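Below: the structure, in structure tokens.
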Amino acid sequence: MNVLNRAVFALSLLAAPFALSFPLAAQDVAPARPPASEVPEPQALQTGDEVPWLYRGSDVPVDDKWLFGEMDNGLRYAVRRNGVPPRQVSIRVRVDAGSLHERDDEQGFAHLLEHLLFRESKYLGQAEAIAAWQRLGATFGSDANAETSPTHTAYKLDIPDIDPAKLSESFKLLSGMIREPVLSEVNVAAELPIVLAEKRERGGASQRVADLTRRTFFAGQRLATRNPIGTVETLNAATGAKMQAFYDRWYRPENTVIVVAGDAPAEILAGLVEQWFGDWEGTGEAGVAPDFGDPVAPAANDNDDLAQPIGELAVAVEADLPRNLTYAIMRPWRQVEDTIVYNEGLLLDAIAQAIINRRLETRARAGGSYLYAQVSQDDVSRSTDATFVAFAPLSGDWENALIDVRSVIQDAIASPPTQEEIDREAAEFDVIFANQVEQESVQSGSELADNIVNAVDIRETVASPQTVLDVFRGMSGRLNPEEVHERTIKLFEGDVLRSVYVTPVADEADRTALRFALGREIEADATARLAAQTISFDELPQVGEPGEIVSAEPLGILEVEQVNFDNGVRALLWSNNAEPGRVTVKVRFGAGYRAFDESNAVYAPLGEMALVGSGLGELGQNELDRLATGRKLGFDFRIDDAVFTFTAQTRSDDVADQLYLFAAKLGMPRWDADPVVRAKAAGELAYNSYSTSPSGILNRDLEYFATGGDPRFATPDPDALRDVTPERFREVWEPLLKQGPIEVLIFGEFDRDAIVQKLSETFGALPAREPISEQVAARVPNFAEDTGAPRVLNHRGDGNQAAAVIAWPSGGGMERIRESRQLEILTQLFNNRLLEALRERLGASYSPQVFSSWPTDINGGGRITALAQLQPDLVPIFFAEADRIARDLAANPPTEDELARVTEPLAQLVRRASTGNQFWLYNLEGSSTDPQRVPLLRTLLSDYSQTSPQIMQFLANRYFVERTPLKLAVIPEGQELAEGPPPVLDAPVQPAAAMVSGR
């Protein structure tokens, strides 16, 4: 079955709903869309021998799947037909205007302007954009969004279920936003609080460190003083006239690139670009891009005794952040000719970095003085070409950690790598590039469009996956110790070295000590080099005697087959060619979070970090890495509500080896101590960082408090971690790997018979599993007891930051799964209303969220949760608005239009997701022991997209009125929770400038 037919067949299954357990209102048949106006033939396409604008000055082969055009007004475009996912079109509009283009008194204007284009424009009234895109099936925030960087502003739209009329309407609305936004005083006043809320939510210790790092590394350059979010002072000074002036300078066709990839003929897409943007002309005088500046070394007499000039240095003392030291070797950025030879150089650089990083990781795994270390080269915002070295010291002896890291790097500088090391990293790159060729036919239009935008931003080209693979394989003669060594040396040469050290302890370091440590001569340390050692799967021991198949029969949906073995292992297999060369393997086993209690709860998160690294059989983590050379293997481990899972994205050629790794981990686990020690250290170092912001506190504590203080969901603190030992880790986890049923899911392109045989030799060869006790199986998370007033937690971040949460208990299990899907509709209704109230109407929060969780493997533990970040004095507003919305949804049914704005995007999300294997795997997992999941999958699309106002009202009453919620507030230490909402809550909204004055 080919890809298109399989997708159509899959969608037909979802479109065949069963009757809901409660009545659905009759659904009106949607009227036919009016025919789109005729799209003109494109006139600006670059065809024949004309070199497309993106490839001028380059000998990189043009990716002929793209069509390029350049119009008389200077606007450039690239369009491509792409059917992944089917019936979607991805549009990107990139404007060459970011924070680096702002004047001193305009900081933040590029980002504020991005917001204003969504506020009001020629074809969209005030605050109509979100609703308009939702009616077209787009989900706001994911399908309809934008970004502002130092070098550009990009508008991103992914429009599902496209047809000619919808496509034309999308271009119309987008053209109005880009070409004719309404930059009035009223709109600036309305949008400014939202941007200030976004800025506030980004604040705190991490942002202070980021700002200090930017000022230090890019001292003397515009990037040092240009953060896209801007400053409070410049933002509060924004006016309609100032925003119009910024717009006129930079939003011009010659500064704009439009990229479109989607399920429509490329000529039609080109015609639409020309139709809606061909007559666009700039207004007033065009802006001239400023000089971004170069990194410059300080006066020579400060560095006379140093081989590497040392420039600006900084030490940040943040009591709640873990130690981190970063230094960078800075070079000027210059636009390059993007040639094949240039790209070969980049690939050599990548090989050199990979070798160093593997050596650094090997040292860390062996119990070095640092938790992790990483070398990376980056061209930053067309401002610098830099090599960054970052690491986390394990203790206050940062100087010794710096010596250890630098000594590994110095060895790479002093001596060439071995050919075995080069070949190993080259094999890793080769499998990545080959896999991209295999996956080219299922590469999404949104990803392809983003690739063009990124290429324009860095002033380079794009290449097809086959071209990349050909270039890499064609340079095999250059992958030798001499050339890799030469590129390694250049990576660590530059005009100036700069550094920032972050520490929780005052007086641990200063700039003088940092300068001395960085200027010290370092001896090369070759002990981290990897000895030549090849490990083959053929040399590994068998898991056990191959098992016997007791049954093999269709599951009853698609061509999924269930194969059962005599040891109790069950496998779900779906061999298909929907995603060429790609296979997803997932193993579900054991009891999940149910397996833990107060006595061993601390070992649950440590297991997620250390279990895989502890190895299997005679293989430690380093040996597993060698074993994986030249293969695409994964080993993601997670703890879910009622099961443990191993998951991997692999290739058709590697599925058999992937199955061996997973089965061997269960059948012959290894218990190396170092990964446990490392995971314990990471937990200790990270714990205090949660306290630096309200969101950190929620990440740390929300699950714990929402489950009534269940120790299984507590983030281990240093006291809990102090008693952790590798011996106890093994004592806890060894029996857990032997318990409970095993289900193996394999979805993708593979040889069915060969994989069934491999399953017999791996999972079928495991001993029979030990049962999960009834006591453990019955564990379901509780919900927090009613405390009346909100529970208050404190953070140690900025005094203007707070967060608030309200959560209602829902349910779990498959018996009421269809109700949980309807709850998702209700949740999205709530989300839209909360967004309208807190963001659009009050400007109190940048991105409030409402979401639903409903575990499917246990009969309980679900929740509906609403949360927002805001100012401490506005926390009562959140609770008041959330209560008001909940009561109103229960008392008054939503309108049909309001429902359509939710159900249409949900339906499109399901349709798009259902064209991929992971969608079916996720929804069918557990079916080998719970057959009801199969028929319930057939109603999934209708359950998410068909409902009635009465059903929503019924569910709102059941969950929001009849159940008592948990209320949680996170405010700064030393502050009291404000009492009651301010009296202006129900009053007309005041001008935003007045609302934020003095903040």
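Everything numeric here is computed off the predicted structure, so don't read it as measured data.
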**Request:** Determine the minimum heavy-atom distance between Leu766 and Gly667, stating which atoms define it.
**Result:** CD2-CA, 3.5 Å
**Prompt:** Strictly by modelled atom types, are Arg818 and Thr939 linked by a side-chain donor-acceptor pair under 3.5 Å?
**Reply:** yes
**Message:** Suppose the criterion is salt bridge (Lys or Arg N to Asp or Glu O under 4.0 Å): which pairs have a residue in residues 580-594, not counting sequence neighbours?
**Reply:** Glu579-Arg582, Lys586-Glu925, Arg588-Glu743, Arg588-Asp857, Arg588-Glu925
**Message:** Does either side chain, that of Ser90 or that of Asp158, offer a donor lying less than 3.5 Å from an acceptor on the other one?
**Reply:** yes
**Request:** State plainly whether the residues Arg358 and Glu425 are in salt-bridge range, i.e. N to O under 4.0 Å.
**Result:** yes
**Residues in salt bridge (Lys or Arg N to Asp or Glu O under 4.0 Å) contact with Arg365, at least two apart in sequence or another chain** = Glu361, Asp625
**Request:** Assert yes or no for the condition that the ring centre distance of Phe750 to Trp574 is strictly below 6.0 Å.
**Result:** no
**side chain to side chain donor-acceptor pair (under 3.5 Å) partners for Ser444, two or more places apart** = Ser446
**Complete:** Sequence neighbours excluded, the answer for salt bridge (Lys or Arg N to Asp or Glu O under 4.0 Å) partners of Glu815 is none
**Request:** Could you pull out all residues at least two apart from Thr584 that satisfy side chain to side chain donor-acceptor pair (under 3.5 Å)?
**Result:** Gln649
**Complete:** The salt bridge (Lys or Arg N to Asp or Glu O under 4.0 Å) partners of Asp636 (sequence neighbours excluded) come to none
**Asked** With Asp263, which residues qualify under side chain to side chain donor-acceptor pair (under 3.5 Å), at least two apart?
**Response** none
**Item:** More than 12 heavy atoms of other groups within 6.0 Å of Tyr372 OH
**Value:** yes
**Request:** Would you check if the side chain of Glu749 reaches a backbone N or O of Ala578 as a donor-acceptor pair within less than 3.5 Å?
**Result:** no
**Asked** So how far is it from Ile772 CD1 to Leu736 CG, rounded to the nearest 0.5 Å?
**Response** 9.5 Å
**Message:** Quick one, Leu666 with Leu616, criterion side chain to side chain contact (heavy atoms under 4.5 Å, CB included). Give me CA distance, side-chain angles, the key distance, then yes/no.
**Reply:** CA-CA 8 Å; Leu666 296 179; Leu616 55 91; over 6 Å; no
**Asked** Got a sec, which residues hit ring-ring contact (aromatic ring centres under 6.0 Å, His included) with Phe662, two or more places apart in sequence or on another chain?
**Response** Phe635, Phe646
**Prompt:** Under 3.5 Å, side chain of Gln658 to main-chain N/O of Gly634, donor-acceptor pair present?
**Reply:** yes
**Asked** Quick one: side chain to side chain donor-acceptor pair (under 3.5 Å) partners of Gln757, sequence neighbours excluded?
**Response** Glu761
**Request:** Classify the angle between the aromatic ring planes of Phe644 and Phe596 as parallel (below 30°), tilted (30 to 60°) or perpendicular (above 60°).
**Result:** perpendicular
**Message:** With a 6.0 Å cut-off (strictly less than), is the heavy-atom count around CD of Glu548, excluding the residue itself, greater than 12?
**Reply:** no
**Asked** salt bridge (Lys or Arg N to Asp or Glu O under 4.0 Å) with Glu561: which residues, sequence neighbours excluded?
**Response** Arg752
**Message:** Asp143 vs Arg912, test: salt bridge (Lys or Arg N to Asp or Glu O under 4.0 Å). Steps then yes/no.
**Reply:** CA-CA 12 Å; Asp143 297 329; Arg912 285 181 285 181; 2.8 Å; yes
**Nearest-0.5 Å distance, CG of residue Leu469 to CG of residue Asn435** = 11.0 Å
**Request:** Answer yes or no: are there more than 12 heavy-atom neighbours, outside Glu618 itself, under 6.0 Å from its atom CD?
**Result:** no
**Request:** Please report the closest heavy-atom contact between Tyr603 and Val724, naming both atoms and the distance.
**Result:** OH-CA, 3.4 Å
**Request:** Quick one: which residue pairs count as a salt bridge (Lys or Arg N to Asp or Glu O under 4.0 Å) with a foot in residues 646-668, not counting sequence neighbours?
**Result:** Arg631-Asp657, Arg651-Asp654
**Item:** Under-4.0 Å salt bridge between Arg821 and Glu824
**Value:** no
**Complete:** side-chain contact (heavy atoms from CB on, under 4.5 Å) with Arg933: of Asn923, Thr856, Ile817, Leu555, only one passes, and it is Thr856
**Request:** Check Pro781 against Thr707 and note the closest heavy-atom contact, atom names and distance.
**Result:** CB-CG2, 4.0 Å
**Prompt:** Which pair of heavy atoms, one from Thr645 and one from Phe589, lies closest together, and at what distance?
**Reply:** N-CE2, 4.3 Å
**Request:** Kindly state each residue pair satisfying salt bridge (Lys or Arg N to Asp or Glu O under 4.0 Å) with at least one member in residues 666-675, sequence neighbours excluded.
**Result:** Arg670-Asp672
**Asked** Would you call Glu703 and Arg863 a salt bridge, taking side-chain N to carboxylate O under 4.0 Å as the test?
**Response** yes
